[in-house]
Peer 1: 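This structure is in structure tokens; I'll ask about it shortly.
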Amino acid sequence: MYGPYRLYVVLPLFVIGLVLGGSGLALAASANISHAYQSSTTFPSGFLVSLDAAKDNNILAANSATSNRLVGVVVEANDSLVAIDSASSLVQVATSGVAEVLVSDVNGTIKSGDQVAVSPFSGIGMKSEPGARLIGLAQSSLNSRESGAVSKAVADKDGKQQTLKVGFVRVSIAIGTAPVAGAEAQQSSLQQAAKMLTGHNVSTARIVVSSVIAVIAIIALVTLIYTSIYGTLIAIGRNPLARGSIFQALFSIIGLVVLTASVAMATIYLIIR
């Protein structure tokens with residue numbers, strides 16, 4: 001865990017220059033598809049970026065505060081399999097495929113197969129933790145003995161120093177959110193059933209409202225069916241000659257029951273979908 005390293009910590013961009021220039025690491029061409037975005041800042045390759053909420057088609061460095069708008073990884077236009085709108089004045093951002101991502105060991109050693117997430121350090125990834133915003137799956141490793149990784153002392157908001165390893169790992173881009181451990185086990189049986197029906201988590205409030213509607217509908221339908229059948233039997237016993245009209249009335253009631261059940265089911269579905 002990265003403890004106090006929250007939104008207040010930003011890794012200076014000159015660290016990236018150390019990694020790129022001092023380590024001698026050459027970024028290999030990656031099989032990815034990139035899109036062009038505007039930015040008032042120059043970003044190095046491997047930087048994680050998010051959409052700028054204040055400006056259309058603009059990007060800014062991704063960190064814990066902007067991770068919900070994570071869009072991809074900065075790449076060179078000639079490193080992409082397909083570069084869309086590859087103008088020199090725009091920043092190419094890989095949104096799918098495989099790319100080199102700048103990461104640190106702030107949340108532990110990254111191994112091949114680990115999920116890589118946005119960190120509190122602007123533009124830098126880290127080993128994922130439950131609930132973190134993911135950039136994808138690591139296909140190479142980063143540890144303290146990794147060739148090409150450099151050490152850099154950084155300070156948190158309280159001025160405490162910590163030395164981190166910063167370097168590149170190849171990542172298969174798949175933006176998403178890391179599952180929270182035990183979340184499925186903490187869900188009620190109704191929540192799990194609703195998730196099976198809808199394919200996503202449903203809030204407790206919606207499930208409660210849907211359950212109330214279902215109970216009311218069931219009580220109303222059972223009462224209607226029971227009274228209609230009971231009344232039909234009594235009516236036929238009293239007047240057998242009117243059997244045709246009595247059954248016709250019964251079929252009308254059955255149609256009303258089917259309509260009521262359909263409306264109740266459609267209402268429940270619209271609430272929990």
Peer 1: Would you say the side chain of Q115 lies within less than 4.5 Å of the side chain of L137, judging by non-hydrogen atoms?
Peer 2: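 Heavy-atom side-chain distance check passes, below 4.5 Å.
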Peer 1: Is there a continuous path of hydrophobic side-chain contacts, each under 4.5 Å between heavy atoms, that joins L134 to F47?
Peer 2: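 Different clusters.
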Peer 1: Honestly curious: do I229 and L221 fall in one hydrophobic cluster under the side-chain, below-4.5 Å linking rule?
Peer 2: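 The answer is yes; both residues are in one hydrophobic cluster.
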Peer 1: For a 4.5 angstrom cut-off between non-hydrogen side-chain atoms, does V71 reach Y37?
Peer 2: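 Yes; the side chains approach each other to less than 4.5 Å.
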Peer 1: May I ask you to test the V101-F168 pair for a side-chain heavy-atom distance under 4.5 Å?
Peer 2: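 Not in contact.
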Peer 1: What's the verdict on side chain to side chain contact (heavy atoms under 4.5 Å, CB included) for V103 and V116, showing C-alpha distance, side-chain angles and the deciding distance?
Peer 2: CA-CA 8 Å; V103 297; V116 179; 3.9 Å; yes
Peer 1: Do I173 and I135 have side chains that approach each other closer than 4.5 Å (heavy atoms only, starting at C-beta)?
Peer 2: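 Yes - at least one pair of side-chain heavy atoms lies under 4.5 Å apart.
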Peer 1: Roughly how far apart are S40 OG and I59 CD1, rounded to 0.5 Å?
Peer 2: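 Nearest 0.5 Å value for the OG-CD1 distance: 9.5 Å.
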Peer 1: Any side-chain to backbone donor/acceptor pair from S252 onto Q248? Under 3.5 Å, distance only.
Peer 2: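 Yes, the answer is positive, given that a donor and an acceptor are paired below the 3.5 Å cut-off.
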Peer 1: Measure across G123 and A61 and return the closest heavy-atom pair with its distance rounded to 0.1 Å.
Peer 2: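 The pair with the smallest heavy-atom distance is N-CB, 4.1 Å.
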Peer 1: In terms of hydrophobic clustering (I, L, V, M, F, W, Y; side-chain heavy atoms under 4.5 Å; direct or indirect links), are I225 and L233 co-clustered?
Peer 2: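 Linked, I225 and L233 end up in one cluster.
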Peer 1: Between P120 and N63, which heavy-atom pair has the shortest distance, and what is it?
Peer 2: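 Looking at all heavy atoms of both residues, the shortest contact is O-CB, 3.7 Å.
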Peer 1: Have a look at K127 and tell me which of V106, D114, L142, D105 forms a side chain to side chain contact (heavy atoms under 4.5 Å, CB included) with it.
Peer 2: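 Going through the options one by one, the only one that passes is D114.
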Peer 1: Between N58 and D52, is there a donor-acceptor pair closer than 3.5 Å when you use the side chain of the first and the backbone of the second?
Peer 2: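 No: the side chain of N58 does not pair with the backbone of D52.
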Peer 1: For a 4.5 angstrom cut-off between non-hydrogen side-chain atoms, does V73 reach V171?
Peer 2: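 They are not in contact (no side-chain heavy atoms under 4.5 Å apart), so the answer is no.
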Peer 1: Closest approach of S64 and V118, non-hydrogen atoms and distance?
Peer 2: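 Result for this residue pair: N-CG1, 4.0 Å.
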Peer 1: Partners of E76 by side chain to side chain donor-acceptor pair (under 3.5 Å), sequence neighbours excluded?
Peer 2: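 Side chain to side chain donor-acceptor pair (under 3.5 Å) check on E76 returns S45.
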Peer 1: Please tell me if the side chains of L60 and V49 come closer than 4.5 Å, counting only heavy atoms from C-beta onward.
Peer 2: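 Not touching, per the 4.5 Å side-chain cut-off.
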Peer 1: May I ask whether M265 and I254 are part of the same hydrophobic cluster, defined by side-chain heavy atoms of I, L, V, M, F, W, Y residues being less than 4.5 angstrom apart, directly or through others?
Peer 2: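 Different clusters.
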Peer 1: Nearest heavy-atom pair of V75 and S34: which atoms, and what distance?
Peer 2: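 Scanning both residues, the minimum pair turns out to be CG2-CB, 3.9 Å.
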Peer 1: Has the side chain of S104 got a donor or acceptor atom that lies under 3.5 Å from a matching backbone atom of K165?
Peer 2: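 Not a single qualifying donor-acceptor pair exists.
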Peer 1: Find the distance between OG (S119) and CG (N107) and round it off to the nearest 0.5 Å.
Peer 2: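 Separation between the atoms: 9.0 Å.
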Peer 1: For a 4.5 angstrom cut-off between non-hydrogen side-chain atoms, does L90 reach Q38?
Peer 2: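 Touching, per the 4.5 Å side-chain cut-off.
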Peer 1: Output yes when a side-chain donor or acceptor of R69 lies under 3.5 Å from a complementary backbone atom of L51, and no otherwise.
Peer 2: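 Yes; at least one donor-acceptor contact below 3.5 Å.
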Peer 1: Just wondering, do F43 and V93 contact through their side chains at under 4.5 Å, heavy atoms?
Peer 2: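 Side-chain contact under 4.5 Å: no.
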Peer 1: If I take atom OG1 from residue T232 and atom CZ from residue F251, how far apart are they, to the nearest 0.5 angstrom?
Peer 2: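 Taking OG1 in T232 and CZ in F251, the distance rounds to 9.5 Å.
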Peer 1: When you measure from the side chain of T177 to the backbone of R133, do you find a donor-acceptor pair of N or O atoms at a distance under 3.5 Å?
Peer 2: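 The answer is no, because no donor-acceptor pair under 3.5 Å joins these two groups.
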Peer 1: Just say parallel, tilted or perpendicular for the rings of Y226 and Y230, cut-offs at 30° and 60°.
Peer 2: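 Taking Y230 first and then Y226, their aromatic rings lie parallel (interplane angle under 30°).
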Peer 1: Take S140 and R170 through the test side chain to side chain donor-acceptor pair (under 3.5 Å) and record every step on the way to the result.
Peer 2: CA-CA 6 Å; S140 58; R170 290 180 64 81; over 6 Å; no
Peer 1: Give, for atom OG of S39 and atom CG of N57, the distance between the pair rounded to the nearest 0.5 Å.
Peer 2: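 Atom-to-atom, S39:OG and N57:CG are 11.0 Å apart.
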Peer 1: Answer yes or no: is there a donor N or O on one side and an acceptor on the other, between the side chain of S172 and the main chain of V98, under 3.5 Å?
Peer 2: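 Checking the backbone N and O of V98 against the side chain of S172, no donor-acceptor pair under 3.5 Å is found.
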Peer 1: Quick check for you: to the nearest 0.5 Å, what is the distance between S50 atom OG and N68 atom CG?
Peer 2: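 S50 OG to N68 CG: 7.5 Å, rounded to 0.5 Å.
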Peer 1: Looking at L70 and L48, what are the two nearest heavy atoms and their distance?
Peer 2: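 Closest pair (atom of L70, atom of L48, distance): CD1-CB, 4.4 Å.
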Peer 1: Please report the C-alpha distance between T227 and T223 in whole Å, then the side-chain angles of each, then the deciding distance to 0.1 Å, and finally whether the side chain to side chain contact (heavy atoms under 4.5 Å, CB included) criterion is met.
Peer 2: CA-CA 6 Å; T227 54; T223 302; 4.3 Å; yes
